[in-house]
2 protein chains.
Amino acid sequence: MSKQELVVLGQDEGGCCPTLLTEPMDDDQAVELAKVFKALGDPIRLRLLSMIASPAGGEICVCDLTPAFELSQPTISHHLKLLKQAGLIDSERRGTWVYYRLVPETTDRLAAILTRPTVAGAVS
Amino acid sequence: MSKQELVVLGQDEGGCCPTLLTEPMDDDQAVELAKVFKALGDPIRLRLLSMIASPAGGEICVCDLTPAFELSQPTISHHLKLLKQAGLIDSERRGTWVYYRLVPETTDRLAAILTRPTVAGAVS
């Protein structure tokens with residue numbers, strides 16, 4: 001298994017309800033979380049991530065990613081590196097090729113952060 | 001009601017399941033969605049958004065936002081403008097002050113985009 005560069009998104013280990021919509025976020029949390037959103041803030045990286053997340057087999061060869069873009073291999077590699085540094089994808093080299101897969105824990109965490117709490121004190 | 005600059009996130013009006021984790025995203029969708037994630041890709045804007053989303057009353061005066069940051073009013077205004085252009089917040093001027101509120105439809109949409117589909121063809 002290749003090493004992961006996962007970002008800690010919020011301090012709640014249980015995975016429940018970190019704080020974007022429920023209370024003011026502290027600076028450290030915001031700095032960490034902003035890195036992940038920044039990685040998503042580019043159309044090429046979003047398309048790469050969607051291609052990586054989609055295959056039924058759970059992973060995709062870099063050799064299947066590159067032909068979908070009119071970009072050089074180094075440019076694609078750079079975007080993939082940023083997604084990996086943000087903890088959104090992981091990779092494994094097997095023989096000639098590198099294979100990429102989604103880190104679903106990270107997207108789960110982002111989805112939770114963006115989900116409104118169910119009632120509990122909210123006034124509409 | 002002040003004018004909104006909402007971004008269309010995905011073409012599915014029903015709000016169900018646009019495509020980041022289920023199928024390769026097309027370029028137009030990726031360009032629109034990247035704008036919103038880019039707006040979130042900054043710690044100041046994340047803290048502002050969390051402050052705007054948190055108040056029980058559903059809105060916050062710019063006069064309560066600015067003192068929380070060691071930044072000039074024009075800098076805060078610039079960040080608020082980017083959040084508004086991304087469709088994440090809306091604003092209304094009343095008297096001297098501008099009041100900001102979350103546009104929950106946008107964060108709901110982002111949460112849906114980042115939520116894994118429940119089984120249905122996915123192979124683990």
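All values derive from a computational prediction rather than experimental measurement. Convention: sequence-line order gives letters A, B, ...; per-chain numbering from 1.
- Contact tally against chain A (heavy-atom pairs below 4.5 Å) for B:L49, B:L114, B:D108, B:V31: the top residue is B:L114.
- Residue pairs meeting the side chain to side chain donor-acceptor pair (under 3.5 Å) criterion with at least one member in residues 57-70 of chain A, sequence neighbours excluded: A:E59-A:R94, A:T66-A:Q73.
- Comparing A:M51, A:R116, A:K38 by heavy-atom pairs within less than 4.5 Å of chain B, the highest count is held by A:R116.
- In this structure, A:R109 contributes its side chain and A:A112 its backbone to no donor-acceptor pair below 3.5 Å.
- Evaluation of the disulfide (SG to SG under 2.5 Å) test over residues 21-61 of chain A, restricted to residues two or more places apart or in two chains, returns A:C61-A:C63.
- Minimum heavy-atom separation, A:A53 to B:L20: CB-O, 4.0 Å.
- Top candidate by heavy-atom pairs under 4.5 Å with chain A, chosen from B:I52, B:T115, B:T107, B:L46, is B:L46.
- Of the atoms belonging to B:L102, it is side-chain heavy atoms, and not backbone ones, that fall under 4.5 Å from chain A.
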